[in-house]
Structures are given as structure tokens and as C-alpha cells.
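Residue numbers begin at 1 in each chain, while the letters A, B, ... track the order of the sequences.
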There are 2 protein chains.
Amino acid sequence: MRLSARTEYAAIAALELARHWQAEEPVRIREICAAQGVPARFLVHILLRLKHAGIVASVRGAAGGYRLARHPEEITLEDLRVAIEGPGTDVAPVSVALGQRSRLAGLLAESWEAAARAEADVLRGTTLADLAARCRSGDAMYYI
Amino acid sequence: MRLSARTEYAAIAALELARHWQAEEPVRIREICAAQGVPARFLVHILLRLKHAGIVASVRGAAGGYRLARHPEEITLEDLRVAIEGPGTDVAPVSVALGQRSRLAGLLAESWEAAARAEADVLRGTTLADLAARCRSGDAMYYI
DNA sequence: GCACTAATACTCGGATAAATGCTGTCCGAGTTATCATGG
DNA sequence: CCATGATAACTCGGACAGCATTTATCCGAGTATTAGTGC
């Protein structure tokens, strides 16, 4: 239920990259950290994971940095979450295991997973493009 | 996103108690463990938390045990979750903290919390009575 | 048959320990742009 | 003006340490039922 700091940092960094989507030059880690207050040495490894997941692309060497590998509209918060935490995360491993022999535990496993699906659906509905747009135009409209 | 084993065990135990809701005598820990394969010494502390949360009532002494403190229809999976994990669990503490100064992080904090709310809503819609009923009558009807 | 005592079975709650994962740092290596220097 | 080499800036990736949380286990204490024992 609680997000790991890694995942949060990943989203912050990715959203920062989304803001610079139109720019030519890649964004350096130092810039992200300066703007958002994220520990730099830690962010390195996070961006590395995002790169391996195909969400982010990197440019090496001086004047290098990171940019989004796909259009911001095609990257959702759920993408970022599974990129960091891995897809193999069972929501309720104990219930699933016990559910092999106990009908009761099996029912619970289904319920937990239904809740997790609801959460994932919401995250899948939020793209980086949405957030970037709301970030620019003070999103007073969302607070009616 | 991943449930703690404690929470899963709590739900299993509570659902087992719900099945014996109509019985006079309380259910002993050993019976729950025998039926569901939960470590006994661990379940003691879990039931203690559920008791402090007012979800479960205990009868001390020989022939003692546990029973639900409320009607199974008035106990949801969300109740069990907050009883075990505590209500003070921020979903995205980092984003909330950074959101004080960064609009970007603030937007993310809202998004994470919206997803968490969706999940909590599903859990709030599932009562122990529901699950107990489905547990008795082989719930083939749910698999259309 | 009755009162009293001992044994038993259960809950209560804290202390403790091992395992695991999270968070963050450090360091060396690889890669590229930039700049200085010499021809 | 051009070529070459040094330097700086950045990414890559593993190793590692400190810390917190999780997952139990253990033990003593409290409480009520039950069985036994003596009168």
C-alpha cells in the first residue's frame, strides 16, 4: 500500500523529463536533483532501471543526460511503478499460497487482487502528458 | 502495493471467525491455525491488534477464544487493513514532503493518493459476510 | 454431596532475534564534448 | 586553419553499509474452566 521512495523518485524524474520533452538536449541528473531535491547518487540507479525498462533513453559523455524514450502520452504511472518494483510482485502471496488448499484463503486472494487491479487501473489512466500539462497551467480547474 | 503477511493472516482469521459467527462458543487460535495453516504464535499478536481495534472480542481462560465484536456485514477488508497497518500510513510520503515546494511533486502526491483511494473503495465494498457466504455456497456463479 | 485445591488451557503482552528489503553512498570504468596546443 | 591530445563532464554498474521493518518465536503472567481430594 505504501509506495517505495524509489518509485516516487522515478515518477518525479520522469515527469521532469516530460516537461523537457520538446527540448533538443537531454536533461542531466544534476538538473533534476536541483529542481526537485532528490539525492543524486540514488537517482542514478533509479534512472538506470527506467532505462532498462525502455522508458528512458540516455546520452553518454559530456553534454549527455536523459530523455524520455516514448511520448509522454504513452507513459503511465503504472508503467513507472512496474518498471521500478518489477512485475513479479504478487499482491497477496500468502493468500495465494494458502489458497491452494483453503477455499477461504483463495477467496481472499481474489479480493486483494481485485483491489489491486482497481488501483492499477487508476494509475494506468494517468499519463505523464496529463501531469505535465496540469503542471504548466495552474490546475485550478481541477479544484471545483 | 504489496500486502504484509500480517494483514493477510488477519483477514484469514477474521473470515474464519465470521464462519463461526452463529456459534455460541468462541473459536480458539489453535483451531484457526489447524484449519488455515497460519503460525500460531504469530496469530496471537495479530488477533491482539484486531482486539484493540475493536474488531474482535476475546474470552479468557480455559474454553476461551475469539469471536467477532461486530456483525460480519459491518466488517470490511479495509477495516482489517487499517486495523493492522495503522491509519497513519501515508501512501506517498516523499511526494507529499517535496510537494511543499515543488508543484510537480504535489501533483504526483495527489495522483498516488487517488489510486490508493480507488483501492480502498474496493476493499470497503467487501464485507466478511460476503466472503463467508461465497465460501459456503461454492461461488461458481462468480465465474461466468 | 460439598468445599477447597491443583492442574490445565487459554489469552495477554513484552522482549528478542533472524531475515529481508530499503535507502543511500562510493568507486572505478566507459564515453563524449570541449579546449588547448603545436604544426 | 587543422589535427592531436588532454581534460572535464557525464553515464554505467556493481559493491556495500546503515537502518528500519517484517516475521516470527519465546517466556512469564493473568484468568477461567475442569478435575481431583478430603471432609
**Report entry** Test log, rule salt bridge (charged side-chain N to carboxylate O under 4.0 Å, His left out), inputs A:D79 and A:R124
**Finding:** CA-CA 7 Å; A:D79 293 334; A:R124 259 190 291 271; over 6 Å; no

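Side-chain N or O atoms of A:E78 include none that pairs as donor or acceptor with a backbone N or O of A:L123 at under 3.5 Å. Side-chain atoms of A:R49 never come within 3.5 Å of backbone atoms of A:R6 as a donor-acceptor pair (strictly under, hydrogens ignored). B:E16 places no side-chain N or O within 3.5 Å of a backbone atom of B:I32 that could act as its donor or acceptor partner.
Residues from residues 92-100 of chain A lying near DNA chain C, meaning a heavy-atom separation below 4.0 Å, are absent. Residues from residues 5-29 of chain A that place a heavy atom under 4.0 Å from any atom of DNA chain C, listed by number: A:A5, A:R6, A:Y9. Of the residues in residues 32-48 of chain A, those lying under 4.0 Å from DNA chain C by heavy-atom distance are A:P39, A:R41, A:F42, A:H45.
One can place CZ of B:R60 at 14 Å from C1' of D:dT33, the figure rounded to the nearest angstrom. At whole-Å resolution of the value, CD in B:E85 and P in D:dT21 are 13 Å apart. The distance between atom CZ of B:R67 and atom P of C:dT11, rounded to the nearest whole Å, is 12 Å. In this structure, the CG atom of B:L3 is 12 Å from the P atom of D:dT22, given to the nearest Å. Counting to the nearest Å, the P atom of C:dG21 and the CZ atom of B:R2 are 8 Å from each other. Straight-line distance from the CG atom of A:L50 to the P atom of D:dC12: 12 Å, rounded to whole Å. Atom NZ in B:K51 sits about 17 Å away from atom P in C:dC10, given to the nearest Å.
At most 12 non-hydrogen atoms from other residues, nucleotides or ligands lie less than 6.0 angstrom from CZ of A:R101. Other residues, nucleotides and ligands place more than 12 heavy atoms under 6.0 Å from the CD atom of B:E74.
If you find the closest nucleotide of DNA chain D to A:H52 and to A:G64, the one lying nearer the 5' end belongs to A:G64.
Between B:E110 and A:R134, at least one side-chain nitrogen of the basic residue sits less than 4.0 Å from a carboxylate oxygen of the acidic one, meeting the salt-bridge criterion.
In this structure B:R28 satisfies the salt bridge (charged side-chain N to carboxylate O under 4.0 Å, His left out) test together with B:E31, sequence neighbours excluded. Taking the side chain to side chain contact (heavy atoms under 4.5 Å, CB included) definition, one finds that A:R2 meets it with B:P93, sequence neighbours left out.
Side-chain nitrogen and oxygen atoms of B:S58 include at least one within less than 4.0 Å of the OP1 or OP2 phosphate oxygen of C:dC12.
In the model, A:E73 has no side-chain atom that pairs as donor or acceptor with a side-chain atom of A:T127 under 3.5 Å.
Within the structure, no pair that satisfies the side chain to side chain donor-acceptor pair (under 3.5 Å) test touches residues 38-48 of chain A, not counting sequence neighbours.
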